[in-house]
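Report on the structure given below.
Below, chains carry the letters A, B, ... as their sequence lines are ordered, and counting in each starts from 1. The analysis underlying the following values was restricted to heavy atoms, covering all of them including side chains, and did not include hydrogens, waters or symmetry mates.
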4 protein chains.
Amino acid sequence: MNNNSIEFRKLEHLLVCNYCDVEYKKGTLLDDVELIHRGISNCDLNNIDTSIELFGKKLDAPLIVAAITGGHSKAREINKNIAKAVEELNLGMGVGSQRAGLLNSSLIDTYSVVRDYTSSLVIGNLGAVNFIEDGWDEDIIDKSVNMVDANAMAIHFNPLQEAIQPEGDVNFKGIYILKNTIEDYKKKYKNIPFIAKQVGEGFSREDAEILKNIGFDGIDVGGSGGTSWAAVEYHRIKDENLKNFSKQFLEWGIPTAASILEVRSVFDGTVIGTGGIRSGMDIAKSMAIGADCCGVALPILKAALRSSDEVINVLEKMIKELKTVMFLVGCDSIEDLKKSRYIIKNELKEWISSK
Amino acid sequence: MNNNSIEFRKLEHLLVCNYCDVEYKKGTLLDDVELIHRGISNCDLNNIDTSIELFGKKLDAPLIVAAITGGHSKAREINKNIAKAVEELNLGMGVGSQRAGLLNSSLIDTYSVVRDYTSSLVIGNLGAVNFIEDGWDEDIIDKSVNMVDANAMAIHFNPLQEAIQPEGDVNFKGIYILKNTIEDYKKKYKNIPFIAKQVGEGFSREDAEILKNIGFDGIDVGGSGGTSWAAVEYHRIKDENLKNFSKQFLEWGIPTAASILEVRSVFDGTVIGTGGIRSGMDIAKSMAIGADCCGVALPILKAALRSSDEVINVLEKMIKELKTVMFLVGCDSIEDLKKSRYIIKNELKEWISSK
Amino acid sequence: MNNNSIEFRKLEHLLVCNYCDVEYKKGTLLDDVELIHRGISNCDLNNIDTSIELFGKKLDAPLIVAAITGGHSKAREINKNIAKAVEELNLGMGVGSQRAGLLNSSLIDTYSVVRDYTSSLVIGNLGAVNFIEDGWDEDIIDKSVNMVDANAMAIHFNPLQEAIQPEGDVNFKGIYILKNTIEDYKKKYKNIPFIAKQVGEGFSREDAEILKNIGFDGIDVGGSGGTSWAAVEYHRIKDENLKNFSKQFLEWGIPTAASILEVRSVFDGTVIGTGGIRSGMDIAKSMAIGADCCGVALPILKAALRSSDEVINVLEKMIKELKTVMFLVGCDSIEDLKKSRYIIKNELKEWISSK
Amino acid sequence: MNNNSIEFRKLEHLLVCNYCDVEYKKGTLLDDVELIHRGISNCDLNNIDTSIELFGKKLDAPLIVAAITGGHSKAREINKNIAKAVEELNLGMGVGSQRAGLLNSSLIDTYSVVRDYTSSLVIGNLGAVNFIEDGWDEDIIDKSVNMVDANAMAIHFNPLQEAIQPEGDVNFKGIYILKNTIEDYKKKYKNIPFIAKQVGEGFSREDAEILKNIGFDGIDVGGSGGTSWAAVEYHRIKDENLKNFSKQFLEWGIPTAASILEVRSVFDGTVIGTGGIRSGMDIAKSMAIGADCCGVALPILKAALRSSDEVINVLEKMIKELKTVMFLVGCDSIEDLKKSRYIIKNELKEWISSK
Ligand SMILES: Cc1cc2nc3c(=O)[nH]c(=O)nc-3n(C[C@H](O)[C@H](O)[C@H](O)COP(=O)(O)O)c2cc1C
Ligand SMILES: Cc1cc2nc3c(=O)[nH]c(=O)nc-3n(C[C@H](O)[C@H](O)[C@H](O)COP(=O)(O)O)c2cc1C
Ligand SMILES: Cc1cc2nc3c(=O)[nH]c(=O)nc-3n(C[C@H](O)[C@H](O)[C@H](O)COP(=O)(O)O)c2cc1C
Ligand SMILES: Cc1cc2nc3c(=O)[nH]c(=O)nc-3n(C[C@H](O)[C@H](O)[C@H](O)COP(=O)(O)O)c2cc1C
C-alpha cells in the first residue's frame, strides 16, 4: 500500500475518526428542536411501530448506517460487521465510495462482502466530482450497482473535503452533467433510486432545488454537527500552513437540523437526515421536522471496528430510545411522528426565517 | 415487605426524593415570567385576601399539597403531618396513589388517617393506566373516594415514569375509556369533580383538549421543573444500561409555566399549577399566567418527614411571600392577580408562539 | 438617639449604603440601549450645550442629586456638601424624607442647611404612605416646602421598603386621596410642581396613568438597577427568617430603562430617570429613551460623606462623559439628544413589546 | 523629534498598535452573519475569479491595505513594504494622514515612496476636521494628491480619537464645507473619487445620507471590531483621570458588519468594509452583506514592520481563504458572492430592524 494511494488515505481516515475528536463543536441544532410531551400518551409502548418503507424496502426502523468504507483490507471486516447487524435488525446500509473498487478489481470484495451477510437495503456510493473530472458515465454506475447489488445509488458531494485535501479534486463546475448520466443509466440499466448525499456540510434549499431538477429521488442532507471533514483532514495534515488553513473551516457547514428544514421546504422526495445523529431522540426530532429516515456513521464505525454485536448494541439502543420518545409524544407510528407538533428555538429559528 | 412490592418501591421513592438531587436542571420557566411592580401599590398589605374557592371548598390560599404518598408504614405519619398542617392553614391536599390501599385493605388507614386530622379539601388519587391495563371501573373509584372521603378525585398520568421503570405499566392506549367510567361514576355515585394530573412532565395543549372531551373538570399540569421522575428512577436503577437509558430523559417534559399556558389556552376548567413550585413568587406567577391554584410536593415531603410544624412553616412562608408579591403588584385579591399584566421572556416565549 | 427611632434607622441606612454592596445585580437595562455613533459628528465638543429647564429653573446639565437624607446629625453635613456642589455646577438636588423634621423641629436645620449654600433647584420630600396612614394634609406640605424653600415637592412611594422593614407602614390603600391634597395645597398655598417618586423599584405604565390622574406634574421613575432597598434592609435585619424573606426580593422591581420607557409611553409631564445612573453614558441613554433629567443618589452619598469637592468631582466626570457622548452621537443640545435614534436589545425589548 | 510633535505621536501609535492589545472586545458582528454552504458548489476552485474594479483600477481581489502611516522615519519603510506587496498581488493601498507631509516637506518621501514600488491603486488621506479648523481648501487636496499620485482621496473622520486625545481637534461643526471644497477640487484639478473614511467607529445610516449629499463617491465604513482608537489612546495616556475617561469609550462604535448594512441601506456608491477584517471569511461575509471591497490595517502594520514578504503572506492567506469560501458558497465571481443568500443572527439583527 503506497502512502499516497486512495487505500492508504481511506485507512488513515478511519483511524483518525476512531482516535481523534473529529466532531463539530457547534452541534446539529437538533437541540433547538423541542418535541412536545403528550401527558396522556394514548399509546402502548410495547406496540410502537417504527417501521418505514425506504426505496422499496421495508425497514424495521427509520435508521440506516451511512456510507463509511470499502477498498482496503480493514474495510472488508467493517462492512461485514455492519451488514450482519443490519440484517439482524432489518435496517439498511450504505457502502463507502466505490472508486477504489472500480480502479482495482481485487478490492471489489471489500464492498461485495455485504451481500454475503444481508439481503436488506444496500446503497452504493460514487463521488459526484468524478463524473466531471474523470468523465464517468452510466456504465460506471452499472458496475458499481452490480458490485453490491445496490437497491439505490448515492452520489456524494464533498466540496469542503476536496478543497482542504492537498490532493483534492476541486472541479465541481458542470454538475448538471449528472442529469443525463442518471437518465441514461435508468433507461439502459435499472430504474433504481438515486440519492444526492453530502458528507457532513449539508445541502441548502438552493441545492435541493437543483438536485430535484437533476432528477435525484432522494437527498441525504449529510449536515454539520457530527463528523467534520475539515477536522479529519486537520488531523492528517502535517504542513503547518495547510493545518492552519483547514482550521478555519472546522465549523463550516449547515447544521443537520437546518439542512433538513431547508431541503424539505422545497423537495418532495425522500429526505435522509445524516450528520451527528447520536440518539433515538435525534432520530425522532429529525423525523418530526421533515426527514424520512436517518443515517449514522461515526458511532457505527467505532463499533464495527470491534464486532457485529457492538454495532447491534448501538443501533438497538437508538431504536429503544426512539420508541420511548414516540410513546411520550403519543405517536404509534412514524407517520404520526412526522405530523407531531414541535418547537423551534434559538439559532435554528434564524434558518427558518431566512428568505 | 418484599423488595419488588409496591410498598417497597413507594418507600424507596420517598427516600430517593429526600436524599438525592431529583429536580430538573432546566427549571419551570417561571423565571421567564416577569410580574410588573406597581409603584403605587394602592393595597394594604395587612388586608390582602389570598382566599379562593376550589372544588367547592374555600381555601385560605391558592395552594394545595400535591399527591405524595400512602400504602406503607411511613406514609401514615407523612399523611398525618400534612393533614394537620392543611387543617391549621385551611388549605387542601391530595393523597398518593390509592392502588396499594385497594389491593391490601390493611393499608387503608395510611390514607384515611388524613380525615382524622382535617376536614379541608382532600383529593383522592388513582392511576389512569390501571383503568386500561387492569380494567378498573366506577366501583374502584367509589372505594377510593370513600377511603379518604375525597372532595375530588385525581387520575394521574405518568407515561414517562412507567416507561423508565423496569417494572412499568406502559399501555396507555385507549385512554378514552375514562370518559364512560367517569360518567358512570358520577351517575351511579357522587357528582364530585375529576382532575387529570400529570406527575412532573406536564400536559400539552392537545392533551388538554382530549381531557376536556373525556370530561375532566380540572387539570393539574404537573409540569417539569421540580421533581423529575426520570431522576428518581435513575437513582433507584442498578443496571448500568437502564441507568444510562433513564439519563436520556432526565430533562424530558413541558416546563410548568409552559404547561399552564398551553392548557389554559384551550381549557376553561380548573387549572392547578404543580411541578417545581417553590415560593410565593412562583405561585403569584402561576396565577397570573392562568392557574387557579398551585400544588407542591417535594418540599412538603421533606418537611413532613420531620413534623407537622415544619410543614406549616414551609406553607406559611410561601403564603407570606405570595401576599407581599400581591401587595407589590397592586392586587388585593386572587381575582385581581389573575388579571395582572406580565412579561414573557426567553424560552417561554417560544412556547406561546408555537402553532 | 433611640435604636428604634427614625433617626437611628436613617443613619443605619447611610452606613449600610456606604459600606455594603446594596446594588441590584440585574442592572438598569440601560446596557440594552445602544446609542448610534455619528461618524461625522458635525458638532464642536467645546460647544455642546447640556443645559435644560427643570421645574422653572435652568440647570447646566440634566442631572440632579436624588433625595438622600435629613433628620440626624450626619445629615446636616451631607446636605451641606451636596448643596455646595450643586450651587457650584448649577444643578439641582432633593432632600431626604422630611418626616423627621416635621416630627422634631430641632432637626429642621439638617434640611434647611441646603439653602445656606445654594439657590439652585431644591426638591422637598414626603412619603405617600403617611398621607394615608397619618392623615397628612396640605398644611404638612406647606411646612415641608417652607423648610427648604422647595421649588418642587416629591412624594415618594416605597411599598417594597415598607413591606420588608419589620417596622414598615404597609397601608397604601386609598392613594387617590393625594389628588385632593395636592389640589388643595396648590390652591391654598403655592403653585409648585409635584413629583411622584419611586425609591428604586420603578413605576409601571399603569402607575403612570394613575399618577397623571392624581395630578402629578412629574414622575421620578426611581427604577431598579442601583440601590436596592431589599438589599439595604437585608443588611440591617438580624432575624434569620426575616433576612431570608428580604432575600427573595433583592432583585424585585422594574429596571430604570424599562420604567422610563413605560412611564414615557403614557405620561407627557416631566420624567426623571433615577436608579443606577452611574455615568454620562447612562444619562445620555436615559434622555434618548424619554427622560428629561436624571437623578443620582448612591455615588453622591459616598462622595458627600467625604467632601463637597468629591461631590463636584463625581458630577463633573459624569457631565464630561455626557458631553463626549453627545459629540459622538452628533447632538449639540439635549433637545437633539432626545430625538436621536437608538437600538433596544435583549431583555429591554421584552418590555416595549409587552401589551 | 519633539515629544509633542505629530511625528512622535504617530510613531507612538504604531508601537502601541504593535505591542498592546488594542482591539475591540465586542467584535465586528461578522460572526452574526452566516454564509450558506452550497453542497453542490458547481464551481471549479482553480477558476474562482476574485477580481474587482475599484475607483477605475482592476484589483485581483476585493482587498486593500487601509491607511496606516506616513510622516516619520519608520513610516518610509512600512509604506515601502506595503507598496511592494500590493504591486506583487495587484491590490490597492491607502497612505496614512498626509498632514505631516503638508506641514514639513522633508517628510514627503515617507509617503511618495509608495510610487517607487507600485503603480496599483493608491489612496491619499486627509483629516476632515482640518478643513474646518485649519481652513484647508482644494489646493491642499491637490498637493496631497500629487504627493502620492493618488487615484482616489480619502477624507478621514475621527471624532472619538480627537475627543480622547488630550491634544485633540474637536470641532467637527460645519462639515458641510467639504461639499464645496470637493466640487472646487474636481473642477479646478482632477475628477478623482473621494472617500469618506471612519477610523474604527463606523458610519451610521444618517451619516451615509449626509456624505452622499456632500458628494462623496465612496464610504469606507471603518467600523468597530478591530483597532479601537480609545484603546490606542488609553495605552498612551499617563494621567490617571484621562486614562479612566478613555476606558469608558473602549467599546464605543458601530460594529463593522452593522455599519456596512447601515451605509449600504441608503448609499449607492462604493462601500469599503474596514475594521477588524482578519480573514477571507470576513471578506466574503462583508461582500455578501453589501461591501464592494475590504480594507485591513492592523495585521498589515504588524507584517510591514518585518518585511514585504510578510505582508504578502498575510494578504495571500486571506485571498486563498476567500476563494475557498466562494467555492463553498458556489460563487465563481465577486458579483455572484454579492448576491448570495446569508443569515443574520443575534445582535446584528437588532441593527437591521432598527427604524
Ligand atoms: C470514516 C468515514 C468515511 C466516510 N466515507 C464516506 C464515503 O465514502 N462516502 C460518503 O458518501 N460518505 C462518507 N462518509 C460520510 C458519512 O456517510 C456521513 O455522511 C458523515 O460521517 C456524517 O455522519 P456522522 O456524523 O454520523 O459521522 C464517511 C464518514 C466517515 C466517518
Ligand atoms: C415521593 C413522591 C411521590 C409521589 N406520588 C404521587 C402519586 O402517587 N400520585 C400522583 O399523582 N403524584 C405523585 N407525585 C407527584 C407530585 O404530586 C407532583 O406532581 C410532582 O412531584 C411535582 O411537584 P414538585 O416539583 O413540587 O415535587 C409524587 C411526588 C413525589 C415527590
Ligand atoms: C441612603 C439613601 C437614602 C434615601 N432616602 C430617600 C428618601 O428619603 N426619599 C426618597 O424619595 N428617596 C430616597 N432614597 C432613594 C434615592 O433618591 C434614589 O431614588 C435611589 O437610591 C436610586 O438611585 P441610586 O441607584 O442612584 O442610589 C434614598 C437613597 C439612599 C441611598
Ligand atoms: C497605526 C494606525 C494608524 C492609522 N492611521 C490612519 C490614518 O492616518 N488615516 C486613516 O484614515 N486611518 C488610519 N488608521 C485607521 C485604519 O485605516 C483602519 O480604518 C482601522 O485601523 C481599522 O482597521 P483594522 O481593524 O484592520 O486595524 C490607522 C490605523 C492604525 C492601526
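Distance check: B/Phe327 CZ to C/Glu162 CD gives 7.5 Å after rounding to the nearest 0.5 Å.
The choice from B/Ser279, B/Cys43, B/Gly330 that makes the most heavy-atom pairs within less than 4.5 Å of chain C is B/Cys43. Most heavy-atom pairs under 4.5 Å with chain C: of the set B/Thr324, B/Val325, B/Asn346, this distinction falls to B/Thr324. Comparing C/Glu262, C/Gln198, C/Glu206 by heavy-atom pairs within less than 4.5 Å of chain B, the highest count is held by C/Glu206. No other option in C/Ile254, C/Asp207, C/Leu160, C/Asp169 has as many heavy-atom pairs under 4.5 Å with chain B as C/Asp207. Contact tally against chain C (heavy-atom pairs below 4.5 Å) for B/Met281, B/Lys317, B/Lys349, B/Glu321: the top residue is B/Glu321.
Contact annotation for residues 25-39 of chain B against chain C (heavy-atom separation below 4.5 Å, listed by residue number): B/Glu34, B/Leu35, B/Ile36, B/His37, B/Arg38, B/Gly39.
For C/Leu211, the part lying near chain B is the side chain, with the backbone staying farther off; criterion is any non-hydrogen pair under 4.5 Å. For C/Ala128, no part lies near chain B; criterion is any non-hydrogen pair under 4.5 Å. In this structure, the portion of C/Trp252 lying under 4.5 Å from any heavy atom of chain B is its side chain and not its backbone. Both the backbone and the side chain of B/Ile40 come within contact range of chain C, each with at least one heavy atom under 4.5 Å from a heavy atom of that chain. Looking at C/Glu347, the atoms closer than 4.5 Å to chain B (heavy atoms on both sides) all sit in the side chain, from C-beta outward. Within the 4.5 angstrom heavy-atom criterion, only side-chain atoms of B/Asp332, from C-beta onward, approach chain C. Proximity to chain C involves both the backbone and the side chain of B/Lys320, based on heavy atoms less than 4.5 angstrom apart.
The number of heavy-atom neighbours closer than 6.0 Å to CG of C/Asp268, taken from other residues, nucleotides and ligands shown, is 12 or below. Remark: C/Lys243 NZ is packed, more than 12 non-hydrogen atoms of other residues, nucleotides or ligands lying under 6.0 Å away. Counted within 6.0 Å of CD on B/Glu335, heavy atoms from surrounding residues, nucleotides or ligands total 12 or fewer; the atom is thus considered open.
B/Asn42 places a side-chain N or O within 3.5 Å of a backbone atom of C/Ile175 that can act as its donor or acceptor partner. Remark: the backbone N or O of C/Phe172 is not paired with any side-chain donor or acceptor of B/Asp44 at under 3.5 angstrom.
Listed by first and then second residue, the side chain to side chain donor-acceptor pair (under 3.5 Å) pairs that reach into residues 209-219 of chain C are C/Lys186-C/Asp217, sequence neighbours excluded.
Two residues are said to be in side-chain contact when any heavy atoms from C-beta on lie closer than 4.5 Å; B/Asn46 and C/Val170 meet this criterion.
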